[in-house]
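Data first, discussion second: the structure below is written as structure tokens.
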Amino acid sequence: MRLLIVEDEYHLAEVLQKGLKEDGYAVDTVNNGEEALDLATVIEYDLIILDLMLPVKSGLEVLRELRGQENKVPVLILTAKDSIEDKVRGLDLGADDYLTKPFAFAELRARIRALFRRKLDESNNILKIDNLVLDTITHKVTRAGKEIELTVKEYSVLEYLMRNRGQVLSRTQIEEHVWDYRYGSNSNIVDVYIRYLRKKIDKDFDRKLIETVRGRGYRLKVIKG
């Protein structure tokens, strides 16, 4: 899942980026509102973490313009502005959540997970397809009760496939949602990681979940019955 952090306090942006990357997210950071809008119009983010007090364009201006463009990306406002009026204004302009500084990193993680659940209309942190189960809190993955050890990027690719179960995802889509913009494209990195995942979650099972759709990409099959 790919996140955009819009934060002009360099140290905080660095801490956020480091912590969220450790959780397996691909994370881009910018320090002003104009640059945030530029990126959000060309990259399909899964979530934007937005400060309000930003140079060039404020967070509220960014939010207003995003929603004016009918961009429905979830936005979590993260700001020191803690008055009821500020919260109401941010939420009324289209923010999906509002967290004030200082904050506990554990709470930020929980709110991010909650927003992803809401996007999929899910009630808990468990993603399940057939006998494949992924826990988005512990990052534990099992199939038929057997725990499967995944690297951070293997987990990220699998989570993205499971959150988009049944949908055909192009190599470009997978790459853009799992790797940040510093990663060079024009490689076979997605195919490599799909191969890794197949060995770990499909090889020893009769029912194969990862499907190649020729000329289009990959999908995780939804098996009924």
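Please read these numbers as outputs of a predicted model, since none were measured by experiment. What's counted below: heavy atoms across the whole structure, side chains too, no hydrogens, waters or symmetry copies.
In R216, the CZ atom is not crowded: 12 or fewer heavy atoms of neighbouring residues, nucleotides or ligands sit closer than 6.0 Å. Taking a 6.0 Å sphere around NZ of K200, one finds it holds more than 12 heavy atoms contributed by other residues, nucleotides or ligands. Within 6.0 Å of CD on E44 lie no more than 12 heavy atoms contributed by other residues, nucleotides or ligands. Applying the 6.0 Å contact sphere to NZ of K72 captures no more than 12 heavy atoms from other residues, nucleotides or ligands. The environment of NZ in K208 is crowded: more than 12 heavy-atom neighbours from other residues, nucleotides or ligands sit within 6.0 Å. More than 12 heavy atoms of other residues, nucleotides or ligands lie within 6.0 Å of CZ in R109, so this atom counts as buried by the packing criterion.
Residues V42 and V6 share a single hydrophobic cluster, defined by chaining ILVMFWY side chains whose heavy atoms lie under 4.5 Å apart. Linking Ile, Leu, Val, Met, Phe, Trp and Tyr residues whenever their side-chain heavy atoms come within less than 4.5 Å leaves M53 and Y98 in two separate clusters. Following chains of ILVMFWY side-chain contacts shorter than 4.5 Å, one can reach V192 starting from I194, so the two form part of one hydrophobic cluster. At a threshold of 4.5 Å between side-chain heavy atoms, the hydrophobic network of Ile, Leu, Val, Met, Phe, Trp and Tyr places Y160 and V152 in two separate groups.
V157 places none of its side-chain heavy atoms less than 4.5 Å from the side chain of Y196. F116 places none of its side-chain heavy atoms less than 4.5 Å from the side chain of N125. Residues I129 and L161 are not in side-chain contact: their nearest non-hydrogen atoms beyond the backbone lie 4.5 Å or more apart. For the pair M1 and T136, the minimum side-chain heavy-atom distance is 4.5 Å or more. Looking at heavy atoms from C-beta onward, V30 lies out of side-chain contact with D38 at the 4.5 angstrom threshold. Under the 4.5 Å side-chain criterion, counting only non-hydrogen atoms from C-beta, Y25 is not in contact with D46. Between I49 and E7, every side-chain heavy-atom pair lies at or beyond the 4.5 Å cut-off. The shortest side-chain heavy-atom distance between D28 and I43 falls under the 4.5 Å cut-off.
Every residue two or more places apart in sequence or in another chain was checked for a salt bridge (Lys or Arg N to Asp or Glu O under 4.0 Å) with K221, and none qualifies. In terms of the salt bridge (Lys or Arg N to Asp or Glu O under 4.0 Å) criterion, residue partners of E107 (sequence neighbours excluded) are, by chain and number, R111. Every residue two or more places apart in sequence or in another chain was checked for a salt bridge (Lys or Arg N to Asp or Glu O under 4.0 Å) with D82, and none qualifies.
The pair E34-K57 fails the salt-bridge criterion, with no side-chain N (NZ, NE, NH1 or NH2) lying under 4.0 Å from an Asp/Glu carboxylate O. The pair K18-E14 fails the salt-bridge criterion, with no side-chain N (NZ, NE, NH1 or NH2) lying under 4.0 Å from an Asp/Glu carboxylate O. The pair R113-D135 does not meet the salt-bridge criterion, since no charged nitrogen lies less than 4.0 angstrom from a carboxylate oxygen.
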Evaluate T212 against R198 for side chain to side chain contact (heavy atoms under 4.5 Å, CB included), listing each step before the verdict. CA-CA 11 Å; T212 300; R198 279 189 163 132; 2.7 Å; yes
Let's go through L134 and Y155 carefully: what are the C-alpha distance in whole Å and the side-chain angles of both, what is the deciding distance for side chain to side chain contact (heavy atoms under 4.5 Å, CB included) to 0.1 Å, and is it a yes or a no? CA-CA 9 Å; L134 181 149; Y155 172 89; 3.3 Å; yes
Derivation of the side chain to side chain contact (heavy atoms under 4.5 Å, CB included) call for L158 and E154: CA-CA 6 Å; L158 180 60; E154 287 169 353; over 6 Å; no
Assess the residue pair I112 and L20 against the criterion (side chain to side chain contact (heavy atoms under 4.5 Å, CB included)); give the C-alpha distance rounded to whole Å, side-chain angles, the decisive distance to 0.1 Å, and a yes or no. CA-CA 10 Å; I112 290 171; L20 293 172; 3.7 Å; yes
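Closest heavy-atom contact between I48 and A40: CD1-CB, 4.1 Å. Contact record, I148 with I201: CD1-CG2, 3.7 Å, taken as the closest heavy-atom pair. The two atoms that bring K101 and L78 nearest to each other are CE-O, 3.5 Å, heavy atoms only. Closest non-hydrogen pair, L37 versus V62, comes out as CD2-O, 3.8 Å. For the pair T29 and A13, the tightest heavy-atom approach, listed with the atom from each and the gap, is CG2-O, 4.3 Å. For the residue pair V75 and R67, the shortest heavy atom distance occurs at CG2-NH2, 3.6 Å.
Within the model, atoms CG of L132 and CG of L220 stand 6.5 Å from one another, a figure rounded to the nearest 0.5 Å. Here the CG atom belonging to L16 is positioned 5.5 Å from the CZ atom belonging to F105, to the nearest 0.5 angstrom. Annotation: the span from R165 atom CZ to K128 atom NZ amounts to 11.5 Å, rounded to 0.5 Å. One finds the CG atom of L50 at 8.0 Å from the CG atom of L66 (value rounded to the nearest 0.5 Å). Expressed to the nearest 0.5 Å, how far NZ of K199 lies from CG of D204 amounts to 12.0 Å. The CG atom of D97 sits 6.5 Å away from the CZ atom of R118 when rounded to the nearest 0.5 Å.
For Q173 (side chain) and S170 (main-chain N/O), a donor-acceptor pair under 3.5 Å exists by modelled atom type. A distance-only check finds a donor-acceptor pair linking the side chain of Q17 to the backbone of V27 [under 3.5 Å]. The backbone N or O of E147 sits nowhere less than 3.5 Å from a side-chain atom of R143 that would complete a donor-acceptor pair. Under the 3.5 Å distance criterion, the side-chain polar atoms of D96 are left unmatched by any main-chain donor or acceptor of L76. Judged purely by atom type and a 3.5 angstrom limit, R171 has no side-chain atom pairing as donor or acceptor with the backbone of V190. Of the possible donor and acceptor atoms, one in the side chain of K153 sits under 3.5 Å from a partner among the backbone N and O of V178.
Members clustered with F205: none, using a 4.5 Å side-chain heavy-atom cutoff among hydrophobic residues. The hydrophobic cluster containing I84 also includes V88, under a criterion of side-chain heavy atoms closer than 4.5 Å among ILVMFWY residues, counted directly or through chains of members. In this structure, V56 stands alone, with no Ile, Leu, Val, Met, Phe, Trp or Tyr side-chain heavy atom under 4.5 Å from its own, directly or through other members.
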